[in-house]
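For reference, the structure is listed below as structure tokens.
Start at 1 with the first residue, then count along the sequence.
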Amino acid sequence: MKTKILPEQGRDFEAVLDELKTFGENDPDYKTARTWSLVYYLGEEHAEFLNRAGAMYASANGLNPMAFKSLKRFETEVIRMTADILSGDDDACGILTSGGTESCLLAVKTYRDMARKKRRVRYPEMILPSSAHVAWEKGAQYFGVKPVRIPVDEGFRADVEKVRKAVNKNTVMILGSAPGYPHGVVDPISELGEIALEKNIPLHVDACVGGYLLPFVEQLGYPVPPFDFRVPGVTSISADTHKYGYSAKGASVILYRNMDIMEHQIFVSTEWPGGIFASPGLLGTRPGSSIAAAWAAMQAMGKDGYTSHAEKIMSTTATLIKGVNAIEGLQVLGRPEMSLFAYRSVEKKLGIYAVGDQMEKRGWHIDRQQKPECLHAMVTPMHQAVTDQYLTDLAGSVAYVRANPKLSAQGGAATYGMVSKVPFRKMVKKNVLEMMREMYGPRGQALNLGDRDSKSRGWADRLGRLFLRFGS
Ligand SMILES: *Cc1c(COP(=O)(O)O)cnc(C)c1O
């Protein structure tokens, strides 16, 4: 392969661009709305607009806010606009980050350091409902905070009484999601807020996926439980501009109720030979392109744009949920407030992962989830046009699996089923780690995960399919 080593002589721009294009040919077909995660695409015109906005500032660096005043201004305005839709007052403050994960990691770091400084907490713990995004586990691991996991109730919402009982003198933060990614339901933020106030513990609301959609869903008159700064105990909120904010990838916001809290996020070093250094987030160099595109997306969208997209999303989701529930053997989990939902099989012999396999055969990219085993959908405005096709294919897939019950023990379904049931999670972890070593090792390249019949690749490879389908 030519591109494996650096070419002796640089190549023509056009030749390189042509080759880039061919590499994407086998990527998931998001432009025709065949994907149900990962991409929040609104069509070529919008994509082109974001590209132009980003390109103008692609070389600019947001590292030093005194240098590129343009970028600082975009950031400040994105923060103000976001604080406005999430009911922050004039004290609300925050930064633009590289994505939801950075926003989550920063909150963990902030609250750990705040508890250390104000309460001398040495063995920090955080309260995490099981529906919390995996980024919070990552934050707990990275920053040495013990995750105290709380189950969800039968509606997939954080169990408030269990949260209350879990708070102790080492608790540095409580987490609630609005909504949680796996089931799309909003945690009881008001109740969590009461606990937070009563015990004087920070409450972060992970609105990474809901932050730019729920406010407009509420405006439309749908029932949305209070989740933003209107809830007194909420101390911070994360919202991903690169999800339903429809900006280019690489943009999220973390907002704090006030600077006394956010201060604990800021890094200052006075000893570096390169100079006195201060930084508000995880990154050093911060890409001007995603900062500019975030600002541009919000300006172009406006409240009316976000609202009309929200309307489309909500009616499409309602049609889908109704349609899925109308298929015998399937059931949507809980009562999703927004645009994400999951559904499981309620028929013993109908393997939901086998249904997923059949949907893939029909050209859809669908995430598998576990605990309980279910399939997932994240709805965007582009899905309106494919809703009927999706439901027809789903009914067809269910009928096919029902007529061929052996499918539930074959192919992808077998792997997912096995992995989700294996009691030895350490073994699963070891195998996933092995897969990561292969992918990122010196010979590393994307495993051909579509090749299910390959025996030579073994566990790690097959696991990859399940593993890579988690997330957003
Ligand atoms: C997407 C998401 C995240 C992580 O965001 P990334 O941009 O993928 O890093 C965190 N929490 C929730 C609820 C999300 O939906």
Side-chain angles (χ1 to χ4, degrees), residues 28-30 33-41 100 129-137 152 155-157 177-187 206 208-210 213 240 243-244 313-314 316-325 327 329-346 350-383 386-387 389-391 393-395 397-398 401 412-413 415-417 419-421 449 463-472:
D29 191 0
Y30 60 87
R34 307 302 285 190
T35 53
W36 293 85
S37 65
L38 297 168
V39 183
Y40 299 75
Y41 174 75
S130 62
S131 54
H133 194 275
V134 69
W136 295 96
E137 292 276 340
V152 289
F156 298 90
R157 292 178 167 79
S177 304
Y181 189 80
H183 317 111
V185 299
V186 178
D187 279 327
D206 184 356
C208 277
V209 72
L213 182 53
D240 290 352
K243 288 184 183 157
Y244 290 107
I313 289 170
M314 291 305 284
T316 305
T317 308
T319 307
L320 283 164
I321 288 181
K322 209 168 145 218
V324 170
N325 279 331
I327 298 173
L330 299 185
Q331 183 193 51
V332 170
L333 304 181
R335 290 179 172 276
E337 275 97 355
M338 205 181 83
S339 58
L340 302 136
F341 65 93
Y343 53 96
R344 67 177 152 199
S345 158
V346 288
L350 181 71
I352 195 70
Y353 292 155
V355 173
D357 287 350
Q358 292 306 310
M359 287 297 276
E360 294 244 331
K361 286 223 165 87
R362 288 160 171 79
W364 302 100
H365 291 263
I366 295 187
D367 286 358
R368 280 82 168 165
Q369 302 193 127
Q370 56 178 352
K371 306 180 184 186
E373 293 179 7
C374 56
L375 302 180
H376 187 261
M378 174 209 89
V379 181
T380 70
M382 296 291 282
H383 288 120
V386 300
T387 297
Q389 189 62 49
Y390 181 91
L391 290 171
D393 285 348
L394 187 57
S397 298
V398 165
V401 173
T415 310
Y416 310 133
V419 172
S420 84
K421 285 192 196 82
L449 300 170
L463 267 172
R465 225 174 141 76
L466 175 76
F467 167 77
L468 289 171
R469 280 176 183 280
F470 286 124
S472 49

Student check: side-chain heavy atoms of [X] and [Y] closer than 4.5 Å:
{"X": "Y353", "Y": "Q370", "value": "yes"}
{"X": "Q369", "Y": "L375", "value": "no"}
{"X": "L330", "Y": "V398", "value": "yes"}
{"X": "T317", "Y": "P336", "value": "no"}
{"X": "S177", "Y": "D187", "value": "yes"}
{"X": "W364", "Y": "V386", "value": "yes"}
{"X": "W36", "Y": "T380", "value": "no"}

Donor on one side chain, acceptor on other, Y244 and S339, under 3.5 Å: yes
Residues that Y343 engages under ring pair (Phe, Tyr, Trp, His ring centres under 6.0 Å), provided they are two or more places apart: none
Testing the basics here: between [X] and [Y], what is the closest heavy-atom pair and its distance to 0.1 Å?
{"X": "L340", "Y": "G180", "result": "CD1-O, 4.3 Å"}
{"X": "P372", "Y": "L333", "result": "CG-CD1, 4.0 Å"}
{"X": "D29", "Y": "H365", "result": "N-NE2, 4.4 Å"}
{"X": "G210", "Y": "M338", "result": "CA-SD, 3.6 Å"}
{"X": "G100", "Y": "D240", "result": "CA-OD1, 3.0 Å"}
{"X": "L394", "Y": "V324", "result": "CD2-CG2, 3.7 Å"}

Verdict with reasoning, F341 to V379, per side chain to side chain contact (heavy atoms under 4.5 Å, CB included): CA-CA 9 Å; F341 65 93; V379 181; 3.9 Å; yes
Note: R368-D357 ion pair, threshold 4.0 Å (strictly below): yes
Pair E360 + R34: basic N to acidic O under 4.0 Å: no
Whether H133 side chain and A135 backbone form a donor-acceptor pair below 3.5 Å: yes
Identified side-chain contact (heavy atoms from CB on, under 4.5 Å) counterpart of D367 within the set P182, S37, C374: S37
Option from L320, T319, T316 for which side-chain contact (heavy atoms from CB on, under 4.5 Å) with Y390 holds: L320
I321 CD1 to Q331 CD distance, which is reported to the nearest 0.5 Å: 12.0 Å
Nearest-0.5 Å distance that lies between atom CE in M382 and atom OG1 in T35: 9.0 Å
Intermediate values then yes/no, ring pair (Phe, Tyr, Trp, His ring centres under 6.0 Å), H376 and Y181: CA-CA 9 Å; H376 187 261; Y181 189 80; 4.6 Å; yes
Which residues share a side-chain contact (heavy atoms from CB on, under 4.5 Å) with S345, sequence neighbours left out: E347, L350, I352
Chi angles and distances behind the side chain to side chain donor-acceptor pair (under 3.5 Å) call for W136, D206: CA-CA 10 Å; W136 295 96; D206 184 356; 2.8 Å; yes
Where at least one partner belongs to residues 329-342, residue pairs that pass salt bridge (charged side-chain N to carboxylate O under 4.0 Å, His left out), sequence neighbours excluded: R157-E337
